[in-house]
Amino acid sequence: MPELPEVETTRRGIAPRIKGQRIEKVIVRQPKLRWPVPKNINQKVKGEVIRDVTRRGKYLLLNTDTGTMIIHLGMSGSLRVINCKLAAEKHDHVDLVLENGQCLRLRDPRRFGAVLFTTDDPIQHKLLKDLGPEPLESDFNADYLFAKSRKRSITVKSFIMDSKIVVGVGNIYASESLFRAGIHPKKAAGKVSKEKYSLLVKAIKTVLKTAIKSGGTTLRDFTKSDGKPGYFKQKLNVYGRKGLPCSHCGKAITHSVIGQRATYYCTHCQK
DNA sequence: ATGCGGACCTGTTAGC
DNA sequence: TGCTAACAGGTCCGCA
């Protein structure tokens with residue numbers, strides 16, 4: 001469900017409501033997520049103040065004075081700040097109970113998400129240390145992508161979805177960005193010119209920024225932390241539009257599978 | 001080192 | 001209408 005814009009939308013939604021709050025306790029109803037929620041997480045964070053809510057790729061980081069809670073939303077996760085008295089529903093796996101009676105509640109039906117805790121520098125955490133640049137930062141640029149891609153036979157779509165290359169480009173926005181840049185998703189990453197990578201970098205930045213502004217993409221059930229849907233869906237050019245006319249040339253949008261993921265593109269506009 | 005496929009889960013939708 | 005299969009926004013891991 002959540003790609004980077006959805007994670008960023010979530011971060012912006014919860015940050016002002018939990019920052020500065022002391023954590024009264026952690027309630028874990030279902031510890032079996034992508035990795036087990038640490039058994040001692042409650043004793044680790046109990047009494048700590050949430051100093052800041054940051055993001056690295058799609059990982060949300062809740063910083064306290066003694067360590068960092070690392071949260072990933074996986075495919076179906078969402079976070080909301082609600083009144084603690086609101087009864088937990090079936091897939092509400094973890095609550096961070098705050099001193100003010102509110103609580104940060106993680107719901108994740110498919111349980112691909114994660115809640116971890118580290119006392120070390122989170123950036124050095126196993127899951128974060130090999131991540132590539134942030135797509136909206138200046139070190140993600142055409143020179144970088146071009147250099148990284150030389151001799152790579154992998155498809156350009158899988159390449160930009162590789163978090164070691166760049167974080168935050170998920171399945172929807174990969175298709176959308178390649179469409180905007182006019183690049184065929186199956187083209188080998190090593191065969192894409194620097195000029196095309198320049199277009200691709202611009203496309204990725206534009207698409208992600210626009211999606212963040214719209215509050216993310218609601219396909220099925222993504223809702224922002226305030227429970228409202230995101231509005232990016234109406235701006236999708238190719239994703240989910242199999243057989244529908246290309247917004248640029250009118251030819252039917254093609255669907256195929258790349259790296260086990262649904263991919264949408266226009267064979268006329270993308271070479 | 002690189003690339004590929006499997007794995008982890010449940011809910012919704014498509015198809016017969 | 002009902003059952004079953006396919007598919008879904010992520011990404012780590014092990015194997016070739």
Side-chain angles (χ1 to χ4, degrees), chain A residues 1-10 29-37 55-60 70-79 89-94 106-116 125-132 135 147-178 185-191 204 207-208 211-212 214-224 229-236 238-243 255-264:
Chain A
M1 173 235 282
E3 294 202 28
L4 186 140
E6 289 73 29
V7 177
E8 178 61 18
T9 298
T10 297
R29 298 183 194 83
Q30 169 57 277
K32 291 181 183 173
L33 302 184
R34 178 72 157 83
W35 292 280
V37 178
R55 177 184 62 71
R56 176 73 177 101
K58 293 174 190 167
Y59 293 91
L60 284 168
I70 300 173
I71 301 176
H72 198 287
L73 300 176
M75 289 275 250
S76 58
S78 61
L79 284 170
E89 293 182 31
K90 191 174 178 188
H91 301 294
D92 293 340
H93 306 313
V94 179
L106 172 73
R107 175 175 298 181
D108 185 7
R110 289 179 71 182
R111 289 194 268 128
F112 287 164
V115 176
L116 300 169
H125 188 276
K126 185 186 176 189
L127 293 173
L128 307 189
K129 68 181 174 59
D130 294 323
L131 293 179
K148 276 280 182 185
S149 62
R150 292 311 90 184
K151 312 264 169 123
R152 295 290 302 269
S153 62
I154 192 174
T155 65
V156 64
K157 190 201 179 209
S158 296
F159 179 68
I160 59 168
M161 287 181 69
D162 180 347
S163 64
K164 292 198 222 22
I165 301 303
V166 58
V167 298
V169 182
N171 201 38
I172 297 177
Y173 301 121
S175 279
E176 292 299 313
S177 301
L178 289 163
K186 289 187 180 175
K187 194 172 171 80
K191 296 274 178 67
I204 289 171
V207 165
L208 293 179
I212 290 170
S214 317
T217 301
T218 295
L219 285 187
R220 280 195 179 70
D221 54 0
F222 171 75
T223 53
K224 299 189 289 171
Y231 290 101
F232 192 72
K233 185 182 179 189
Q234 32 205 317
K235 294 182 181 163
L236 296 177
V238 287
Y239 190 86
R241 302 193 70 246
K242 178 183 182 182
H255 165 269
S256 72
V257 175
I258 297 176
Q260 297 140 277
R261 310 302 300 277
T263 307
Y264 301 87

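Here is how names work: the chains are called A, B, and so on, in the same order as the sequence lines, proteins then strands, and each is numbered from 1. What you see below is based on every heavy atom in this structure, not just the backbone, and it leaves out hydrogens, waters and symmetry mates.
In this structure, A:Arg107 atom CZ and B:dC9 atom C1' are separated by 17 Å, rounded to whole Å. In this structure, A:Met75 atom CE and B:dA7 atom P are separated by 16 Å, rounded to whole Å. Atom-to-atom, NZ of A:Lys157 to C1' of C:dT11 comes out at 14 Å; the value is rounded to the nearest Å.
With hydrogens and angles left out, the side chain of A:Arg111 and the base of B:dC9 share no donor-acceptor pair within 3.5 Å. Between the side chain of A:Glu6 and the base of C:dG9, no donor-acceptor pair of N or O atoms lies under 3.5 Å.
If you take atom P in B:dC9 and the same atom in C:dT4, they sit 23 Å apart, rounded to whole Å. Comparing the P positions of B:dG3 and C:dG9 gives a spacing of 22 Å, expressed to the nearest Å. For the C1' atoms, the distance from B:dT10 to C:dC13 is 22 Å, rounded to whole Å.
With hydrogens and angles disregarded, a donor-acceptor distance shorter than 3.5 Å links the side chain of A:Arg55 to the backbone of A:Gly57. With A:Gln30 contributing its side chain and A:His91 its backbone, the two residues share no donor-acceptor pair below 3.5 Å. Side-chain N or O atoms of A:Glu176 include one that pairs as donor or acceptor with a backbone N or O of A:Val238 at under 3.5 Å.
Side-chain nitrogen and oxygen atoms of A:Tyr239 include none within less than 4.0 Å of the OP1 or OP2 phosphate oxygen of C:dA8. Look at A:Lys32 and you won't find any side-chain N or O under 4.0 angstrom from OP1 or OP2 of B:dC8. A:Ser163 has a side-chain polar atom (N or O) that falls below the 4.0 Å cut-off from OP1 or OP2 of C:dC12. Look at A:Lys90 and you won't find any side-chain N or O under 4.0 angstrom from OP1 or OP2 of B:dC9. For C:dT11, one of the phosphate oxygens OP1 or OP2 lies less than 4.0 angstrom from a side-chain nitrogen or oxygen of A:His72. In this structure, A:Ser76 does not reach the C:dG9 phosphate: none of its side-chain N or O atoms is under 4.0 Å from OP1 or OP2. Contact between the side-chain N/O atoms of A:Arg34 and the OP1/OP2 oxygens of C:dG10 is not found at any separation under 4.0 Å.
In this pair, A:His255 and A:Tyr264 present their aromatic rings tilted. The plane angle is within the 30 to 60° band.
Nearest to the side chain of A:Lys126, among B:dT10, C:dC13, B:dG3, sits C:dC13. When the nucleotides C:dG10, B:dC4, C:dA8 are ranked by their closest atom to the side chain of A:Arg110, C:dA8 comes out on top.
Residue A:Lys164 is out of contact with every strand shown, counting any heavy-atom pair closer than 4.0 Å.
In this structure, B:dC9 makes no Watson-Crick or G-U wobble pair, since no nucleotide meets both defining distances under 3.5 angstrom.
Heavy-atom distances to DNA chain C give each of A:Trp35 and A:Tyr264 a nearest nucleotide, and the one nearer the 5′ end belongs to A:Tyr264.
Using a 5.5 Å limit on the distance between ring centres and a 30° limit on the angle between planes, the aromatic ring of A:Phe112 does not count as stacked on the six-membered base ring of B:dC9.
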